[in-house]
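Count residues from 1 along the sequence.
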Amino acid sequence: MSTLIVPPNLTSPRQDAIDLYKAFKGFGCDTAAVVKILAHRDAMQRALIQQEYRSMYSEDLTKRLSKELSGKLETAILLWMHDPAGRDATAVWQALQVSDLRGATEVICSRTPSQIQVFKQAYHAKFGVHLEQSIHNATTGDHNKILLAYIGIGRYEGPEIDLALVEQDAKALYKAGEKRLGTDENVFIQIFSHRSRAQLAAVAAAYNRIYGTELTKAVKKETSGDFEYALLTILRCAENPAKYFAKVLHKAMKGLGTNDTTLIRVVVTRTEIDMYYIKAEFHKQFGKSLGTGSIQRHLDITAHSFYHSSVPTTR
């Protein structure tokens with residue numbers, strides 16, 4: 001899913017719908033054929049295939065896929081059938097339904113303001129409830145405050161920074177945390193939810209320069225639990241989102257067990273966004289390819305198939 005270029009001789013959505021229908025017929029589903037088609041089509045092409053399938057067979061394609069597939073492949077394919085905003089909305093909804101607050105926090109705090117606004121609309125359209133209400137019901141305390149603030153504020157997305165404000169924020173964070181006994185969490189919430197990525201990354205650099213310690217270490221020292229996780233996700237994605245996701249994937253696959261939910265969520269939701277850069281960061285950080293050797297060993301056909309599919313990615 002990281003090389004991601006559309007096949008040169010792409011078949012029509014109508015023919016793809018026909019081929020999918022053929023894959024469903026007979027004894028058992030031809031899962032290889034399903035993956036070959038769907039994992040090599042971008043969001044617009046998948047939408048057209050779904051329209052053609054419904055028109056030709058009077059059946060919803062996603063419902064048919066849920067009947068024909070099972071296990072991890074079903075989870076990945078069904079998530080993949082959405083557009084990027086729909087995938088984010090679905091990933092957050094699913095995480096909140098099983099109280100996977102870290103999973104929901106990862107999606108929310110790693111997205112840009114414009115991505116958040118679009119997937120908030122998709123969330124309400126799909127599930128009939130506002131994202132704010134779901135967060136309010138599922139979270140508490142400072143974790144609740146940072147999530148609601150983060151999705152409710154339209155931060156600047158450009159590269160320019162306010163140098164005077166950078167130093168002011170760095171000093172404010174120090175006074176609210178390491179300098180005092182106890183922590184003023186509201187200062188962390190205010191700065192982390194209001195500053196652009198470029199601004200927050202500059203604040204982190206200034207903090208390190210002025211106080212000789214990394215802001216991430218200060219966050220770990222002064223906060224805890226899901227609140228800490230949210231702050232660290234925001235900060236690390238401000239500095240380098242590809243590096244952040246490379247580490248998330250590595251952790252998901254580290255050791256004997258595998259966090260399949262995290263692995264599927266990250267691979268599928270980042271494929272049309274920045275998987276090219278995540279792949280490069282993974283190799284840089286861990287000295288090995290995020291490919292057949294890593295993903296296939298941990299998740300069999302699912303992530304391996306997507307990893308090597310051919311859909312355009314934003315770079």
Name all residues meeting the side-chain hydrogen bond (donor to acceptor under 3.5 Å, both in side chains) criterion together with Lys171; count only those two or more places apart in sequence or in a different chain, and write none if there are none.
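Partners of Lys171 under the side-chain hydrogen bond (donor to acceptor under 3.5 Å, both in side chains) test: Glu167.
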
I need the full list of salt bridge (Lys or Arg N to Asp or Glu O under 4.0 Å) pairs touching [range], with sequence neighbours left out, sorted by first then second residue.
range	answer
residues 29-38	none
residues 95-110	Asp100-Arg265, Arg102-Asp226, Glu106-Arg265
residues 15-29	Asp16-Arg41

Minimum side-chain heavy-atom gap Thr269-Val107 below 4.5 Å:
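The answer is no; the side chains never approach within 4.5 Å.
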
Taking C-beta and beyond as the side chain, do Leu131 and Trp93 meet within less than 4.5 Å on heavy atoms?
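Heavy-atom side-chain distance check fails, nothing below 4.5 Å.
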
Side-chain donor/acceptor pairs under 3.5 Å, residues 140-152, sequence neighbours excluded:
from	atom 1	to	atom 2	distance (Å)
His143	NE2	Thr105	OG1	2.8
Asn144	ND2	Thr139	OG1	3.0

Can any side-chain N or O of [X] pair as donor or acceptor with the backbone N or O of [Y] at less than 3.5 Å?
X	Y	result
Gln15	Ser12	no
Ser224	Lys220	no
Glu52	Ile49	no
Asp162	Leu165	yes

Could you name each residue pair satisfying ring-ring contact (aromatic ring centres under 6.0 Å, His included) that touches residues 195-223, not counting sequence neighbours?
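Output for this query lists Tyr174-Tyr211, Tyr207-Tyr211.
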
With sequence neighbours left out, what residues match [X] under salt bridge (Lys or Arg N to Asp or Glu O under 4.0 Å)?
X	value
Arg64	Glu59, Glu68
Glu214	none
Arg87	Glu272
Lys175	none

Under 4.5 Å between side-chain heavy atoms, counting indirect links through other Ile/Leu/Val/Met/Phe/Trp/Tyr residues: same cluster for Ile191 and Ile108 or not?
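Result: yes, single cluster for both.
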
Under a 4.5 Å side-chain heavy-atom rule over Ile, Leu, Val, Met, Phe, Trp and Tyr, are Leu200 and Val187 clustered together?
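The answer is yes; both residues are in one hydrophobic cluster.
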
Got a second to check how far [X]'s [atom1] is from [Y]'s [atom2], nearest 0.5 Å?
X	Y	atom1	atom2	answer
Leu173	Gln168	CG	CD	10.5 Å
Leu231	Leu235	CG	CG	8.5 Å
Leu78	Leu69	CG	CG	7.0 Å
Thr183	Phe227	OG1	CZ	8.5 Å
Ser70	Leu65	OG	CG	12.0 Å

Regarding [X] and [Y], do their side chains bring together a donor and an acceptor under 3.5 Å, going by distance alone?
X	Y	answer
Asp60	Thr62	yes
Lys120	His130	no
Ser114	Glu157	yes
Thr90	Tyr123	no

More than 12 heavy atoms of other residues, nucleotides or ligands under 6.0 Å from CE of Met56: is that the case?
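Atom CE in Met56 is crowded, with more than 12 foreign heavy atoms closer than 6.0 Å.
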
Arg155 CZ: over 12 foreign heavy atoms closer than 6.0 Å
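Count over threshold, so yes.
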
Give every residue pair that meets the side chain to side chain donor-acceptor pair (under 3.5 Å) criterion with at least one member in residues 232-247, sequence neighbours excluded.
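Matches after skipping sequence neighbours: Thr233-Tyr244, Asn240-Glu281.
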
Side chain to side chain donor-acceptor pair (under 3.5 Å): which pairs involve residues 189-200, sequence neighbours left out?
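Only Asp169-Arg195 qualify under side chain to side chain donor-acceptor pair (under 3.5 Å).
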
Yes or no on side-chain contact (heavy atoms from CB on, under 4.5 Å) for Thr75 and Val268, after CA distance, side-chain angles and deciding distance?
CA-CA 10 Å; Thr75 301; Val268 176; over 6 Å; no

Decide yes or no on side-chain contact (heavy atoms from CB on, under 4.5 Å) for Val248 and Thr262, but give the supporting numbers first.
CA-CA 8 Å; Val248 170; Thr262 298; 3.6 Å; yes

